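Take a look at the structure below.
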Amino acid sequence: MDYKGYIAECISKALNDDLDKVLGLLSVPPNENMGDVAFPCFSYAKQFRKAPAMIAQEVLERIKSDSDFDEKIIAKMEVAGGYLNFFLNRNEFISSVVSDVVEKGVDFARSDEGNNKKVIVEFSSPNIAKPFHIGHLFSTSLGNSIEKIYSYLGYDTVKINHLGDWGTQFGKLISAYKRWGVDEDILKDPINELLKIYVKFHQKAEENPSLEDEARMYFKKLEDGDEEIVRLWKFFVEVSMKEFSRVYNMLNISFDSYAGESFYQDKMPEVIEMLEEKGLLEDSEGARVVTFGDMPPCIIIKKDGTTIYATRDIAAAIYRKRHYDFHKNIYVVGLPQTLHFKQVFGVVDKMGFGWADDCVHVGFGTVRFPDKKLSTRHGDVVFLEDVLNESIAKTREIIENSSTTKEIENVDEVATKVGIGAILFTFLRNARERDIVFTWEDILDFEGESGPYVQYSYARGKSILRKAEEQNIEYRGAKLDVLDSQEEFALVKLIKDFPEAIRNAANKYEPSIVTRHIVDVAQAFNKFYNSCSILKAEEDVMKARLNIVEASCICIKTGLNLLGIEEVEKM
RNA sequence: GUGCCUAUAGCUCAGCAGGAUAGAGCAACGGCCUUCUAAGCCGUGGGUCAGGGGUUCGAAUCCCUUUAGGCACGCCA
């Protein structure tokens, strides 16, 4: 049942005004005892030359006298100031929402509005031969969640890990390797050892800038396919991927494609040719660029003849359009690259590809330390794997010290799911464009608006449902219209609103909207849990409440899963 | 210098296609475990929504401006 829609219909009939316009005006009163849905009449004052309150009163009367008016849906209407407030019939509302959710399960908010249209999500994209650090979790968690949200809404999604496996940095790495690399050490601890020589390169290059030229020379060799250099490059890629997949396994994240930058190596000449043909390339200080009227030029070929990341991104976009024929091509990449993507999409647009408008850069903030910025080049890194392990360890400790935790058969599994969920949750809680200041204290805070809080609410609910099952209580299909308390109503309203939150999150590429919503649901659930006894209630009420518990669990689980977080049955 | 972003409680943040008394969490203080998991719940205190103009019946929300931060602005990605 679409309650808002029904109310809008009543009003639009009474006012003889456009349904969508009325729907857009509907809001929620600031206070529960003022009603559930509010219709502000101010905007009609001029048109009708009447005071808003008077208009509200007239609308109220017309709706009431309409023969179609259904008192089973709207229990009461009230004029308050210039608002017409609607009170829903709680029994009816709770009953219909809860039975629907329980019947459909985790698919209750699913939709097919995506119509199987192809949506590409490029995310994570770590750099080969560099550590997978805490900063990478932003793109990784966001992209993973965005993909799940779109998939849930019926889109056909493709997850692409655009590996940073090409570029001048490899020239630097190879130069460093040739100078200081020791195979034995590298094989023992690849990423750390490669990082060490990479850092050393930057230190030495500060004193001796000619090292940069050497690095460029090696990258040129790599692009030209020099056998020895390519072999080295392959070695770096191989050892890095092994490390990365360990982290992806912990996070339970997978990809449909690992086509990174190197994949587009042989696809660039054609792009350059196309650009040349369309007369878009200009000479500028020895380089070949595409210029714009309203932003800085985009370099396509550097003066040493090699390509640059913009060239690869353009080639990648064209390849993806051909290969996937996407409806939408999403890049989950940090905010500092905003201009870069504007330029890349701008070039694609200039090439005459209308689908440039279907490419979207989803930016996000920076993970910072309280004092400084995270910088791989200086070697101050917090490894993601360390953070995850620390969080798991802390979770285990809490489980062991808890007086209320039930006996858990699979402590490791629970600690892993809760510990990792806590970290993911932290990254998906706030608007993505905000920076995250990393402190161990904050990231391991498991109280309040946190992943464990939400998982805990779920586990509490499931605990009750288990008990009901053990006692052979058959609550499914029970009469539900016996409930109308404030706590129950508030909780069910939030569950009812969940699908809209998901749609909202998709439109804004903002998983935090889902995160916030399930925190609200969990809060409402805990209030309900604390104020209404369930298994000890009178039979009708008990059975009805068990249905609310199940609906709450379904909603919370669905939300967590859309964030890439797993629920636990006990904790 | 040019462009983009941000500024809301002591701290971290919601709210921002304008709407009624600006909300959470953390921290502080005071309560609640003989009853379904206290990783919980209830309560108290805490605000010049950065400053100033404007639009509007109505502004944290829209426009202008000042200030303070951040980021980006060609051969890294």
Side-chain angles (χ1 to χ4, degrees), chain A residues 24-25 27 29-31 34 38 40 42-43 45-46 51-52 80-83 85 125 127 164 166-169 171-172 212 215-216 219 261 284-289 294-304 306-310 312-313 333-340 342-343 363 365-366 368 377 395 398-399 402-406 418 422 429-431 433-437 439 441-442 445-457 459-468 512-513 516 519-520 522-523 526-527 529-537 542 545 549 570-571:
Chain A
L25 283 170
S27 63
N31 198 315
M34 295 172 80
F42 306 98
S43 58
K46 245 180 219 155
Y83 294 87
N85 291 334
S125 314
N127 291 323
W166 206 251
T168 316
Q169 50 173 338
K172 293 177 183 178
E212 303 274 359
R216 270 189 282 274
F219 177 55
E261 296 179 56
S284 172
E285 298 167 38
R288 304 278 288 160
V289 306
D294 53 352
M295 63 181 156
C298 179
I299 295 180
I300 303 294
I301 303 170
K302 297 185 285 190
K303 65 180 165 203
D304 66 359
T306 61
T307 58
I308 189 167
Y309 64 115
R312 284 187 280 281
D313 274 342
V333 179
L335 234 24
Q337 293 193 47
T338 305
L339 177 60
H340 164 71
K342 263 193 194 158
Q343 291 173 319
T366 311
R368 294 180 294 130
R377 292 217 281 260
T395 305
I398 292 174
I399 291 172
S402 166
S403 57
T404 50
T405 300
K406 302 299 184 205
V418 175
R429 177 175 42 197
N430 295 334
E433 304 205 345
R434 296 198 91 101
D435 287 350
I436 290 181
V437 175
T439 63
E441 196 191 344
D442 286 347
D445 182 3
F446 291 180
E447 281 165 24
E449 295 172 338
S450 68
Y453 173 87
V454 176
Q455 285 167 316
Y456 180 71
S457 312
R460 273 178 141 183
K462 289 302 285 227
S463 175
I464 293 177
L465 295 177
R466 267 197 310 274
K467 285 204 163 94
S512 69
I513 293 171
R516 301 249 160 216
V519 168
D520 289 345
Q523 276 175 344
N526 281 319
K527 280 178 198 192
Y529 179 96
N530 270 65
S531 59
C532 305
S533 54
I534 297 159
L535 292 171
K536 298 231 158 49
M542 172 190 70
R545 283 187 177 155
V549 173
K570 295 178 185 177
M571 67 184 273

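In what follows, chains are A, B, ... by sequence order, proteins preceding strands, each numbered from 1. Everything numeric in this text was worked out from a predicted model, so none of it was measured.
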Donor-acceptor check, side chain of [X] to backbone of [Y], threshold 3.5 angstrom: yes or no?
X	Y	answer
A/D435	A/G365	no
A/R429	A/E449	yes
A/S402	A/I399	no
A/E433	A/G363	no

Taking all non-hydrogen atoms of both residues into account, name the closest pair between [X] and [Y] and its distance.
X	Y	value
A/I300	A/I308	O-CG2, 3.8 Å
A/S43	A/L25	OG-CD1, 4.0 Å
A/S533	A/A537	O-CB, 3.5 Å

Please tell me if the side chains of A/I464 and A/R545 come closer than 4.5 Å, counting only heavy atoms from C-beta onward. no

Side chain to side chain, A/K467 and A/I534, heavy atoms closer than 4.5 Å: no

At less than 4.0 Å, is any side-chain N or O atom of [X] found next to OP1 or OP2 of [N]? Yes or no.
X	N	answer
A/R434	B/A14	yes
A/K527	B/C42	yes
A/T338	B/C71	no

Classify [X] by what it touches in the nucleic acid, base, sugar-phosphate, or nothing, heavy-atom distance under 4.0 Å.
X	value
A/A38	base
A/P296	sugar-phosphate
A/N85	base
A/E261	sugar-phosphate
A/G164	nothing
A/M34	base
A/R216	sugar-phosphate
A/E433	nothing

Please state how far atom [atom1] in [X] lies from atom [atom2] in [N], giving the value in whole angstrom units.
X	N	atom1	atom2	result
A/E449	B/C13	CD	P	12 Å
A/D294	B/G3	CG	P	12 Å
A/F42	B/A20	CZ	P	9 Å
A/Q343	B/A72	CD	P	14 Å
A/D435	B/U12	CG	P	12 Å
A/H340	B/C75	NE2	C1'	14 Å
A/K302	B/C75	NZ	C1'	6 Å
A/Y453	B/A24	OH	P	12 Å

hbond_proxy A/D445 side chain to B/A39 base (donor-acceptor, 3.5 Å cutoff): no

Taking N and O atoms by type only, does the side chain of A/T366 place a donor or acceptor under 3.5 Å from a partner on the base of B/G70? no

If you find the nucleotide of RNA chain B closest to A/P40 and the one closest to A/P336, which residue's nucleotide is nearer the 5' end? A/P40

Hey, which of these two, A/K342 or A/V519, hits RNA chain B nearer its 5' end, going by closest nucleotide? A/K342

For the side chain of [X], counting heavy atoms from C-beta on, which of [options] is nearest?
X	options	result
A/N31	B/A77, B/G74, B/U21	B/U21
A/K46	B/C75, B/A14, B/C57	B/C57
A/N430	B/A20, B/U21, B/A14	B/A14
A/I299	B/C71, B/A20, B/C75	B/C75

Taking the [atom1] atom of each, how far is [N] from [M], in whole Å?
N	M	atom1	value
B/A20	B/C11	P	26 Å
B/A60	B/G54	P	15 Å
B/U61	B/C49	C1'	10 Å
B/C57	B/G25	P	38 Å
B/A27	B/A9	C1'	12 Å
B/C63	B/A14	C1'	25 Å
B/C33	B/A38	C1'	7 Å
B/A50	B/G10	P	13 Å

Hey, is NZ on A/K570 packed in by over 12 heavy atoms from elsewhere, all under 6.0 Å? yes

Inspect the surroundings of NZ in A/K302 and state if more than 12 heavy atoms from other residues, nucleotides or ligands are less than 6.0 Å away. yes

How does protein contact run along nucleotides 30-38 of chain B, one letter per nucleotide 5' to 3', with B for base contact, S for sugar-phosphate only, - for none, heavy atoms under 4.0 Å? -----SBBS

Could you spell out the base pairing of RNA chain B in dot-bracket, with Watson-Crick or G-U pairs whose two distances are under 3.5 Å, [ ] crossing and | to another strand? (((((((..((((.....[...)))).(((((.......))))).....(((((..]....))))))))))))....

Distance col, row A/I436:CD1 vs A/N430:CG, nearest 0.5 angstrom, shows 7.0 Å

For A/Y453, which residues count as a ring-ring contact (aromatic ring centres under 6.0 Å, His included) partner, sequence neighbours excluded? none

When you check the glycosidic angle of B/A17, does it come out syn, meaning within 90° of 0, or anti? syn

Chi-based syn or anti call at B/C33, which uses purine or pyrimidine torsion atoms and a 90° bound: syn

